[in-house]
Participant: 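Before I ask anything, let me first share the structure, which is written out below as structure tokens.
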Amino acid sequence: MECGGIPPLSLVPSDHPATLLAMAAATSVKDALRSPEPRESILVQGWVRTRRDSKAFSFIELNDGSSLKNLQIIANDTLPNYSDVQHLATGSSIAVRGRLAASQGKGQSWEVIAEELTIVGRADETYPLQKKGHTPEFLREIAHLRPRSNLFGSVFRVRNRLAYAIHTFFQERGFVYVHTPIITGSDAEGAGELFRVTTIDAKSPPRTADGQIDYAQDFFGRSAYLTVSGQLQVEAFACALSKVYTFGPTFRAENSNTSRHANEFWMIEPEMAFCDLGCNMDTAEELVKYLITDIRSNCPDEIELFGKFVDKELMARLDFVLDRPFQRISYTEAVELLLKSAQKFEFPVEYGANLQSEHERWLTEKHFRCPVTVFNYPKEIKPFYMRLNDDGKTVTAMDVLVPGIGEIVGGSQREERLDVLEANMQRHGLDPADYKWYLDLRRYGTVPHSGFGLGFERMLMFVTGVSNIRDVIPFARTPGSAEF
RNA sequence: UCCUGAGUAGCUCAGUGGUAGAGCGGUCGGCUGUUAACCGAUUGGUCGUAGGUUCGAGUCCUACCUCAGGAGCCA
């Protein structure tokens with residue numbers, strides 16, 4: 001599979017007047033453009049990007065989403081419906097049967113001389129997309145039409161390829177894809193606010209004796225939520241199938257209003273048995289590099305577009321990341337570096353506190369100027385499941401920071417010692433009784449194991465240079481916004 | 001949620017308390033193997049919403065809404 005690709009049209013409304021649509025499978029614009037030779041007969045279908053009239057014919061730029069490039073159609077005035085063709089507006093859908101021939105003009109090698117042109121669906125002058133550039137903010141308001149733009153068509157072809165590359169990476173390495181549940185009963189995973197899933201009537205909920213809503217009478221007989229992470233569940237599968245990963249949607253009810261947060265996003269969570277923190281960091285870094293390499297070589301047109309119109313530094317940065325090993329630095333060393341730096345920070349650097357965004361940016365953008373993996377954080381600022389180091393002060397957390405985005409990967413070696421894990425839970429105010437099944441993994445044949453979460457959209461932002469997460473999700477869900 | 005900024009034509013924006021503007025787009029015509037074509041004409045407005053100050057508000061004040069950038073939370 002390559003960056004784009006659409007299946008041939010096989011289902012056609014029976015009452016449709018277009019005879020062309022009933023013909024054999026159409027050729028995609030992408031395939032037409034890379035044809036090795038002229039073709040006597042070809043059928044192409046798509047949407048009109050723009051049209052220009054010449055003396056005795058009309059130029060139509062046709063795009064079907066299979067490629068960034070358009071296919072030029074020559075519609076001669078001998079076509080019986082030429083007067084209609086001359087009024088074809090941007091956005092209209094057409095089917096064209098004709099001859100694929102070498103172009104007489106510059107700028108494209110092939111063009112289609114139309115012998116029959118069917119107008120499938122008109123678009124009138126209110127069609128909001130112009131052939132000139134639009135701001136991403138405007139296109140965001142027409143999220144249902146923006147995939148027809150060059151920028152968003154490219155983003156979503158790359159999104160497709162990135163998902164494919166993620167599966168390829170893990171499948172080639174013997175990982176098993178596990179579908180962890182979307183609905184979860186864990187309400188204290190420490191990964192943020194949760195969306196409640198309920199069938200209780202909001203107007204007259206069942207009450208307990210003390211007046212609280214009685215969720216024991218809810219659909220699942222308990223409180224249930226949309227998942228904030230498949231990690232706890234996937235650990236169970238790692239402790240059986242050894243190397244596993246999840247790749248699915250994740251939901252956080254945080255009121256985050258930033259360019260890097262959405263309330264519904266996709267996450268990749270590998271989990272590996274018999275794997276310590278070093279092995280974990282190796283895997284995360286190898287994955288990030290693999291994905292960049294894959295997109296770089298399989299979506300060249302799209303990357304070129306992003307480099308031209310989205311982020312001029314994109315290609316240099318991607319190559320730079322590929323050429324160099326990731327920097328690894330412990331939290332303690334990072335704090336020392338930050339304290340020694342002459343840089344003035346808005347927030348003070350101090351051991352024991354979380355690194356601020358500006359601190360992370362300094363490390364990855366100013367100091368090392370490449371991705372940085374920070375590991376061994378103070379236990380106080382990390383969740384209960386991370387493995388306690390021998391120093392008794394730090395846990396085996398690791399974050400991969402990349403320039404321009406910040407944290408793209410967060411992970412750790414998990415605490416595999418039952419007694420230490422129970423103590424961690426108590427320190428975090430959690431009741432081990434609520435995690436019986438999770439503790440069983442340590443009770444029966446426990447093994448050292450590690451894993452991490454890679455934000456799918458953040459990775460996509462990194463490889464495309466697109467700076468707002470809303471622009472790499474088909475229909476973004478953010479606070480106050482779920483229109484489409 | 002907090003801080004900062006913005007909201008004027010379909011889009012991008014100008015408009016310094018006194019007649020609502022430009023470029024692009026759209027439409028019509030011309031020209032032309034064109035390439036974000038070109039030339040001419042034309043179309044286009046609840047100035048985010050609601051109040052207030054003023055003889056007079058797009059412009060000043062207040063509240064709210066929306067968007068953007070930054071912060072926190074994190075992926």
Side-chain angles (χ1 to χ4, degrees), chain A residues 49-61 69-76 86-87 89-91 101-108 111 113 123-142 149-150 189-193 228-231 249-269 284 309 345-347 353-361 381-383 397 399-402 405-411 452-462 467-473 478-481 483:
Chain A
R49 278 296 176 78
T50 175
R51 192 184 53 78
R52 295 177 289 276
D53 284 331
S54 188
K55 192 163 191 171
F57 54 90
S58 198
F59 294 104
I60 298 169
E61 300 268 349
K69 296 193 176 83
N70 301 323
L71 180 61
Q72 178 162 285
I73 309 292
I74 307 295
N76 282 302
Q86 277 193 301
H87 289 94
T90 303
S103 176
Q104 297 173 31
K106 288 174 186 163
Q108 61 280 317
E111 64 190 15
I113 320 296
D124 68 14
E125 65 280 355
T126 61
Y127 183 68
L129 287 171
Q130 304 169 184
K131 53 189 159 189
K132 301 201 63 154
H134 286 296
T135 60
E137 290 80 15
F138 169 68
L139 292 168
R140 219 174 278 158
E141 294 169 15
I142 49 169
S149 68
N150 285 339
E189 291 172 13
E193 296 293 311
V228 292
S229 164
Q231 182 203 314
T250 306
F251 307 87
R252 306 233 171 129
E254 303 285 350
N255 189 10
S256 296
N257 290 286
T258 81
S259 55
R260 307 179 306 282
H261 292 85
N263 296 297
E264 175 182 324
F265 63 99
W266 285 57
M267 191 158 62
I268 299 99
E269 295 179 286
F309 295 112
F345 295 111
E346 189 185 342
F347 295 92
N354 259 313
L355 296 180
Q356 299 282 328
S357 284
E358 57 174 342
H359 304 149
E360 296 181 346
R361 272 210 308 274
I381 57 175
K382 290 292 178 184
D399 286 350
V400 178
L401 314 175
V402 295
I405 299 194
E407 184 178 343
I408 198 169
V409 165
F452 59 87
L454 170 70
F456 181 59
E457 283 80 12
R458 288 191 181 171
M459 188 68 214
L460 187 54
M461 290 166 73
F462 187 67
S467 60
N468 195 310
I469 196 166
R470 297 170 182 86
D471 296 334
V472 297
I473 300 179
T478 51
S481 176
E483 186 189 349

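Throughout, a chain's letter reflects where its sequence line sits, starting with A, and its residues are numbered from 1.
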Participant: May I have the distance from F345(A) (atom CZ) to rA71(B) (atom C1'), rounded to whole angstrom?
Facilitator: 15 Å
Participant: Which nucleotide, if any, forms a Watson-Crick or G-U wobble pair with rU34(B), using both distances under 3.5 Å?
Facilitator: none
Participant: Quick one: label A89(A) by what it contacts on the DNA or RNA (base, sugar-phosphate, nothing), any heavy atom closer than 4.0 Å.
Facilitator: nothing
Participant: Would you mind pulling out the nucleotide paired to rC28(B), Watson-Crick or G-U wobble, both distances under 3.5 Å?
Facilitator: rG40(B)
Participant: Looking only at atom C1', what distance separates rU62(B) and rU54(B), rounded to whole Å?
Facilitator: 16 Å
Participant: Counting heavy atoms from C-beta on, name the nucleotide in rU32(B), rC67(B), rG72(B) closest to the side chain of S357(A).
Facilitator: rG72(B)
Participant: When we call it a touch if two heavy atoms are under 4.0 Å apart, what does E141(A) touch: a base, just sugar-phosphate, or nothing?
Facilitator: nothing
Participant: For the P atoms, the ones on rG15(B) and on rA6(B), what distance do you get once it is rounded to whole angstrom?
Facilitator: 12 Å
Participant: Looking at rG69(B), does its base get a donor-acceptor pair with the side chain of E137(A) below 3.5 Å?
Facilitator: no
Participant: Can you tell me if E358(A) uses its side chain to pair, donor with acceptor, with the backbone of E346(A) under 3.5 Å?
Facilitator: yes
Participant: Respond yes when some side-chain nitrogen or oxygen of H261(A) is under 4.0 Å from OP1 or OP2 of rG72(B), and no when none is.
Facilitator: no
Participant: Any strand is fair game: report the nucleotide pairing with rG56(B) by Watson-Crick or G-U wobble, both distances under 3.5 Å, or none.
Facilitator: none
Participant: Which is more 5' along RNA chain B, the nucleotide nearest F347(A) or the one nearest G480(A)? Just name the residue.
Facilitator: G480(A)
Participant: Please state whether the phosphate of rG72(B), meaning OP1 or OP2, lies under 4.0 angstrom from any side-chain nitrogen or oxygen of R252(A).
Facilitator: no
Participant: Between G107(A) and I408(A), which has a closest nucleotide on RNA chain B that is more 5'?
Facilitator: G107(A)
Participant: Return no unless some side-chain N or O of N255(A) is found under 4.0 Å from OP1 or OP2 of rC2(B).
Facilitator: no
Participant: Is S54(A) close enough to rG33(B) that one of its side-chain N or O atoms is under 4.0 Å from OP1 or OP2 there?
Facilitator: yes
Participant: Does D53(A) make a side-chain donor-acceptor contact with the base of rU32(B), cut-off 3.5 Å?
Facilitator: no
Participant: Expressed in whole Å, how much space separates the P atoms belonging to rU27(B) and rA75(B)?
Facilitator: 50 Å
Participant: For F138(A), answer base if it contacts any base atom (sugar-phosphate contacts may also be present), sugar-phosphate if it contacts only those atoms, and nothing otherwise; contact means non-hydrogen atoms under 4.0 Å.
Facilitator: sugar-phosphate
Participant: Mind checking if I74(A) touches a base, just sugar-phosphate, or nothing, with heavy atoms under 4.0 Å?
Facilitator: base
Participant: Do I469(A) and R260(A) have side chains that approach each other closer than 4.5 Å (heavy atoms only, starting at C-beta)?
Facilitator: no
Participant: Below 3.5 Å, does any donor atom in the side chain of S103(A) face an acceptor in the base of rG33(B), or the other way round?
Facilitator: yes
Participant: With centres under 5.5 Å and planes under 30°, do F265(A) and rA75(B) count as stacked?
Facilitator: yes
Participant: Classify the nucleic acid contact of G105(A) as base, sugar-phosphate or nothing, counting any heavy atom under 4.0 Å across all strands shown.
Facilitator: base
Participant: Using atom C1' of each nucleotide, how far apart are rA50(B) and rU16(B) to the nearest Å?
Facilitator: 27 Å
Participant: Mind calculating the distance between CD1 (I142(A)) and C1' (rC67(B)) to the nearest angstrom?
Facilitator: 15 Å
Participant: Determine whether any donor atom in the side chain of S256(A) lies under 3.5 Å from an acceptor atom in the base of rC73(B), or the reverse, and answer yes or no.
Facilitator: yes
Participant: Would you say Q130(A) places a side-chain N or O within less than 4.0 Å of OP1 or OP2 belonging to rC24(B)?
Facilitator: no
Participant: When you compare rU59(B) with rU53(B), how far apart are their P atoms, in angstrom units rounded to a whole number?
Facilitator: 15 Å
Participant: Should S149(A) and L139(A) count as side-chain neighbours, where that means a heavy-atom distance under 4.5 Å?
Facilitator: yes
Participant: For rA37(B) and K131(A) - does any side-chain N or O of the residue sit under 4.0 Å from the phosphate oxygens OP1/OP2?
Facilitator: yes
Participant: When we call it a touch if two heavy atoms are under 4.0 Å apart, what does T258(A) touch: a base, just sugar-phosphate, or nothing?
Facilitator: base
Participant: Looking for any heavy atom pair under 4.0 Å, which part of the strands does R470(A) touch: base, sugar-phosphate only, or nothing?
Facilitator: sugar-phosphate
Participant: If the cut-off is 4.0 Å, is R260(A) near the phosphate of rA71(B), judged by side-chain N/O to OP1 or OP2?
Facilitator: yes
Participant: Considering just the side-chain nitrogens and oxygens of S229(A), establish if one lies under 4.0 Å of OP1 or OP2 belonging to rA75(B).
Facilitator: no
Participant: Between the main-chain N or O of F347(A) and the side-chain N or O of H359(A), is there a donor-acceptor pair closer than 3.5 Å?
Facilitator: yes
Participant: On a whole-Å scale, what distance lies between the C1' atoms belonging to rG69(B) and rA37(B)?
Facilitator: 37 Å
Participant: Using the C1' atom as the reference point in each nucleotide, state the distance between rC38(B) and rC31(B) in Å, no decimals.
Facilitator: 8 Å
Participant: So, is T250(A) near the phosphate of rA75(B), with a side-chain N or O under 4.0 Å from OP1 or OP2?
Facilitator: no
Participant: Does any part of the side chain of T478(A), heavy atoms only, come nearer than 4.5 Å to the side chain of N257(A), both counted from C-beta?
Facilitator: no
Participant: Can you tell me the pairing partner of rU66(B) across any strand shown, Watson-Crick or G-U wobble, with both distances under 3.5 angstrom?
Facilitator: rA6(B)
Participant: Test of understanding: with ring-ring contact (aromatic ring centres under 6.0 Å, His included), list the residues that count as partners of F251(A), not counting sequence neighbours.
Facilitator: none
Participant: For Q356(A), answer base if it contacts any base atom (sugar-phosphate contacts may also be present), sugar-phosphate if it contacts only those atoms, and nothing otherwise; contact means non-hydrogen atoms under 4.0 Å.
Facilitator: sugar-phosphate
Participant: For R361(A), which contact category applies under a 4.0 Å heavy-atom criterion: base, sugar-phosphate, or nothing?
Facilitator: sugar-phosphate
Participant: Kindly say whether, by distance alone, the side chain of R52(A) makes a donor-acceptor pair under 3.5 Å with the base of rC38(B)?
Facilitator: no
Participant: Of R52(A), R49(A), K131(A), which is the lone residue that meets salt bridge (charged side-chain N to carboxylate O under 4.0 Å, His left out) with E61(A)?
Facilitator: R52(A)
Participant: For the C1' atoms, the ones on rA36(B) and on rC73(B), what distance do you get once it is rounded to whole angstrom?
Facilitator: 43 Å
Participant: Can you tell me if Q86(A) and S58(A) form a side-chain donor-acceptor pair at under 3.5 Å?
Facilitator: no
Participant: Can you tell me how far C1' of rA71(B) sits from CD of E360(A), to the nearest Å?
Facilitator: 13 Å
Participant: Counting the atoms with a prime plus P, OP1 and OP2 as sugar-phosphate, which does N70(A) contact under 4.0 Å by heavy atoms, base, sugar-phosphate, or nothing?
Facilitator: nothing
Participant: Need one value for F57(A): base, sugar-phosphate or nothing, where a base atom within 4.0 Å counts as base even if backbone is also close, heavy atoms only.
Facilitator: base
Participant: Counting N and O atoms only, with roles assigned by atom type, does the side chain of E457(A) sit under 3.5 Å from a partner on the main chain of F265(A), one being a donor and the other an acceptor?
Facilitator: no
Participant: Name the nucleic acid region contacted by E111(A), choosing base, sugar-phosphate or nothing; use a 4.0 angstrom heavy-atom cut-off, strictly under.
Facilitator: base
